[in-house]
Structure formats: structure tokens, C-alpha cells
There are 2 protein chains.
Amino acid sequence: MARTQGSHSGITGPRVRDAALKLFAQHGYAAVSMRQIAREVGVQAGALYNYTPDKQSLLFDLMQTHMTELLAACADMPDGGPPIEALENFTSLHLRFHSERPEEVFIAYMELRNLTPENFTKIEALRRSYEDGLETILRSGVSSGDFEVSDPKIATMAVIAMLTGVNTWFREGGRLSLEEVEQIYWDMVRKAVGA
Amino acid sequence: MARTQGSHSGITGPRVRDAALKLFAQHGYAAVSMRQIAREVGVQAGALYNYTPDKQSLLFDLMQTHMTELLAACADMPDGGPPIEALENFTSLHLRFHSERPEEVFIAYMELRNLTPENFTKIEALRRSYEDGLETILRSGVSSGDFEVSDPKIATMAVIAMLTGVNTWFREGGRLSLEEVEQIYWDMVRKAVGA
DNA sequence: GTCTATATGTCGATAGAC
DNA sequence: GTCTATCGACATATAGAC
């Protein structure tokens, strides 16, 4: 099957996405130019516009894909078990999912203000949906008497902030394995909610 | 005392600082131009260079001042008491200090990568010093048998992340007062470290 | 101390050849 | 699909008049 020389449809697209992911995470959306992204991919700047209508869409797609995959992973969790198991599953999922995608996570938290208002609203809704998942677990644990939480909404924010903070220091091959980190954090989360 | 018309030494300087603080926090360092800062202050762009050698120094000064004031506030804390009191003092100080300075806190966490390597090293050292303060408290509590913490360094990062996360949602005049928030977080911190 | 004007360079995005 | 070339706007920082 002959191909037009220089044609890389289906391969250059993902490379543009990967380059944007890497560079946005490293230097920040506003500090990265389309020319930098093109250089990373190995094409000229003009060629990028075959794969994205503009720079903003590049950012939005990265964030939307990330949040959608996170919510899909949540939906795959077993449910129906006792609240303490649901909370342990949530903790484990959050730590694993986030540690596997440090660049996506970094962008999702740091570049919210560089989204257009319309795009911000969409991403914010996805994030809120994720938080609601944890809040539901905490409320069910309070109802069943398994948890001692005075304010489930605050506890939700506190637990997510604590878990997401792992990304600021955790590196594979460091002092602790991910499994050890999971154990330590689950211990703190469990105690913090009085379980 | 006659003054040269247009001379505002001692007043324009702080206004430049305040404008940079506000705009960097709102849009991000890389996205803010010197012209925007000048417009906010009410002068032309060229006049800014009477108060700062360049844009980078504006950012560095904001972060350095913030971290230095944080460490000074820590140094003013009473010490010598039992670990649980030291931890409660730390929690209270962190929440109050950070809630009073949302813009400085935001910049200190978001703009680290926009510092030159030399400036980054200096700010990083100040941040590390702050973390060491909490770690020392946790270790002393473990030694005295007041805390149950398997890894003081991880617990330090977890507590700071949890507390700093308050800034992402807390607004004065909202559902909860700062005092209520302090109470809820102290309860979670206390339980998380097994005190 | 602030102004206007400018040097020098980069930006996002597009047009048209191949 | 990628290239070169370019438009118009904007960036940081400086020079020199007042």
C-alpha cells in the first residue's frame, strides 16, 4: 500500500498530543509556544493546525480526556460493599491512577485558569462529579455508623487534597514503593474519617 | 514640602508589587505582561523599571517575602509544650496564615517552575525549612508516644497538602467560618496522626 | 519619576506551493 | 500532510526628553 511521502495521519496526531502534554506540564500552557510543540514533534508550526484548530483545544482535550478516564475508572469500581471497603477502593484507585499520570494531573490542577470560560465550566463539572463520588461514600459511612465525620463535604476536599499531594513528591524508584505509599495513606485516611 | 509632580516614591513601589501579586495570581506569571501590570498601577510600562530590574525579580520577591513571613510566624509559635499542642498550634497557624493570603499562597505553589534555577533553589530551601518544622513536631510526638505515625516524612507531606487544600475552596462569608474550618481540620489531623 | 518612542524579538494563526 | 513565508499583534527592556 503506497503512501504519500510525509503522510503520517494517525501517528503525528498522537505525537502532537504527547508533545503538548509534556511541554505544558513542564513549562506551563502560557509559556509554551506552538513552535516549541512543533519542534518537539519534528514538524513546522503550520503543520500542527492539521491536528488541532488552535492551542486552546490542545489544552482542553488533554484535560477532558484525563477527567473522563478518571471517571470511567471510578465507574469500574465494585460497589455495594461496606463503606470502609468503598473508601479503601477509592483511596487505592486515586493513588494509582494519579501516580501513573503525573503530567496529566499536574496540568489538570495548574491550568484551569487558562481554559476559556466555556471549557472551564465543562472541566469543572467533571471534577465536581469525581468529588461527589467520594462524598457519597463518606455520607453512607456516616449513615451506617462506620465513619465519624462532622462535615462530609469538607472531609471530601481534605481527603482528595491529601491524596493528590502525593504527586508533588512521589517518584518511582524512590525510598518507598507505590504499594507502601498506598498502605501509609490508607492508614491516615481511615483514621482521619474515624473508621 | 514641594514635590516634583508625578513623583510617588514610596507609594508607587508597593503598588507595583500589589498589581503583580493580583495579576500573577489571577492569570499566571507567564500570561501577564509588564504592560498589564503598568495599566493596573496607572503608569506606563517603562516606569515599572524604576521599581524592579525585571519581571522575574517581581515574581521572586513576592515568593521570597511570603515564605520568609511564614517562617517568621512559625518562629513566633510557643514551643516546649507537649507535641499535641505543638501540632494544634501548627495546624491553626497554617490555616490562618494561608487563608489570609490566598494570592501569595497560590503563586507560591503554582509559579515555582517560572523561577530561574537560582531563584528556585532559594525558595525551595525556605519551603523545605517549613516542612521540617512540622516533621520535627511529628517525630517528637512519636518519640513521646503521643502520636502513631509510621512515616513522619510522609505524614508531614500529607498534613500540609490537606491543610493547604483549604485554599482551593474556602471563602470568607461562605457556609463555614474560619474558626469552624479550623475545628474540623484539627479534628481530622489529630485523628490522622493517631493522637 | 514618568513619559514617549523604539530596538529586537516572538507570538498564534493563515495562505499557498508542492 | 508538510513546507515556507508572512500578517498583525504583542512581548521585554532600554534611551532620552521633560
Side-chain angles (χ1 to χ4, degrees), chain A residues 1-24 26-63 107 111 113-119, chain B residues 1-24 26-62 111 113-119:
Chain A
M1 299 241 290
R3 256 202 203 164
T4 307
Q5 190 191 26
S7 172
H8 302 288
S9 180
I11 165 79
T12 303
R15 278 170 53 77
V16 169
R17 202 196 125 85
D18 291 348
L21 174 69
K22 172 183 163 178
L23 291 171
F24 288 168
Q26 196 167 357
H27 305 292
Y29 174 77
V32 172
S33 70
M34 294 297 273
R35 283 171 177 81
Q36 263 178 284
I37 297 171
R39 196 180 316 131
E40 179 81 16
V41 174
V43 297
Q44 295 297 319
L48 294 179
Y49 293 86
N50 291 315
Y51 303 98
T52 180
D54 50 34
K55 191 184 171 190
Q56 168 72 202
S57 301
L58 228 33
L59 176 62
F60 176 67
D61 288 347
L62 286 172
M63 294 179 68
I107 290 172
E111 304 296 354
R113 62 185 166 185
N114 286 312
L115 291 170
T116 62
E118 302 76 27
N119 287 342
Chain B
M1 300 241 293
R3 259 200 203 169
T4 307
Q5 190 190 28
S7 171
H8 302 287
S9 179
I11 164 81
T12 303
R15 278 170 54 79
V16 170
R17 203 195 124 86
D18 291 348
L21 175 69
K22 171 183 165 178
L23 291 171
F24 288 168
Q26 195 167 358
H27 305 291
Y29 173 78
V32 172
S33 70
M34 294 296 271
R35 283 174 178 79
Q36 265 178 282
I37 297 172
R39 196 179 316 131
E40 179 81 18
V41 174
V43 297
Q44 294 298 316
L48 294 179
Y49 292 87
N50 290 315
Y51 303 98
T52 180
D54 49 34
K55 193 184 171 189
Q56 168 73 202
S57 300
L58 229 33
L59 176 61
F60 176 67
D61 287 347
L62 286 172
E111 303 296 354
R113 61 187 166 183
N114 286 312
L115 291 170
T116 61
E118 301 77 27
N119 287 342

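Just the heavy atoms: all of them, side chains too, but no hydrogens, waters or symmetry mates, feed the values below. For clarity, every value in this text was computed on a predicted model and none was experimentally measured. Chain naming here is simple, since letters A, B, ... match the order of the sequence lines and numbering starts at 1 in each.
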For A:Ile107 and A:Tyr29, what are the C-alpha separation, side-chain angles and deciding distance, and is it a side chain to side chain contact (heavy atoms under 4.5 Å, CB included)? CA-CA 8 Å; A:Ile107 290 172; A:Tyr29 174 77; over 6 Å; no

Apply side chain to side chain contact (heavy atoms under 4.5 Å, CB included) to residues B:Tyr51 and B:Arg15 and explain how you reach the verdict. CA-CA 10 Å; B:Tyr51 303 98; B:Arg15 278 170 54 79; over 6 Å; no

CA sep, side-chain torsions, deciding dist, call: A:Thr12, A:Asn50, side chain to side chain contact (heavy atoms under 4.5 Å, CB included): CA-CA 10 Å; A:Thr12 303; A:Asn50 291 315; over 6 Å; no

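For the pair A:Tyr51 OH and C:dG12 C1', the interatomic distance rounds to 19 Å; values are reported in whole Å. A:Lys55 has its NZ atom 12 Å from the C1' atom of C:dT10, to the nearest Å. Between the CD atom of B:Gln56 and the C1' atom of D:dA11 there is a distance of 16 Å, rounded to whole Å. Atoms OH (B:Tyr49) and P (C:dA7) sit 17 Å apart, rounded to a whole Å. The CG atom of A:Asp54 sits 17 Å away from the P atom of C:dC11 (whole-angstrom rounding). Atom CZ of A:Arg35 and atom P of D:dA11 are 16 Å apart (whole Å). Per the geometry, CG belonging to B:Asn50 stands 13 Å off C1' belonging to D:dA13, to the nearest Å. The distance between atom CD1 of A:Ile37 and atom C1' of D:dT2, rounded to the nearest whole Å, is 17 Å.
Taking only side-chain nitrogens and oxygens, B:Ser33 never comes nearer than 4.0 Å to OP1 or OP2 of D:dC10. B:Thr12 has no side-chain polar atom (N or O) that falls below the 4.0 Å cut-off from OP1 or OP2 of C:dG1.
Comparing B:Ala47 and A:Tyr29 by the nucleotide of DNA chain C whose heavy atom lies nearest to each, the residue mapping closer to the 5' end is B:Ala47. Annotation: of the two residues near DNA chain D, B:Ala31 and B:Pro53, the 5′-most nearest-nucleotide partner is B:Ala31.
Shortest non-hydrogen contact noted between B:Phe60 and B:Leu115 is CA-CD2, 4.1 Å.
For DNA chain C, the residues of residues 38-46 of chain B within the heavy-atom distance limit of 4.0 Å (strictly under) are B:Val43, B:Gln44, sorted by number.
Partners of B:Arg113 under the salt bridge (Lys or Arg N to Asp or Glu O under 4.0 Å) rule, at least two apart in sequence or in another chain, are A:Glu111. For B:Asp61, there are no side chain to side chain donor-acceptor pair (under 3.5 Å) partners, not counting sequence neighbours.
A side-chain donor-acceptor contact under 3.5 Å links A:Gln56 to the backbone of A:Thr116.
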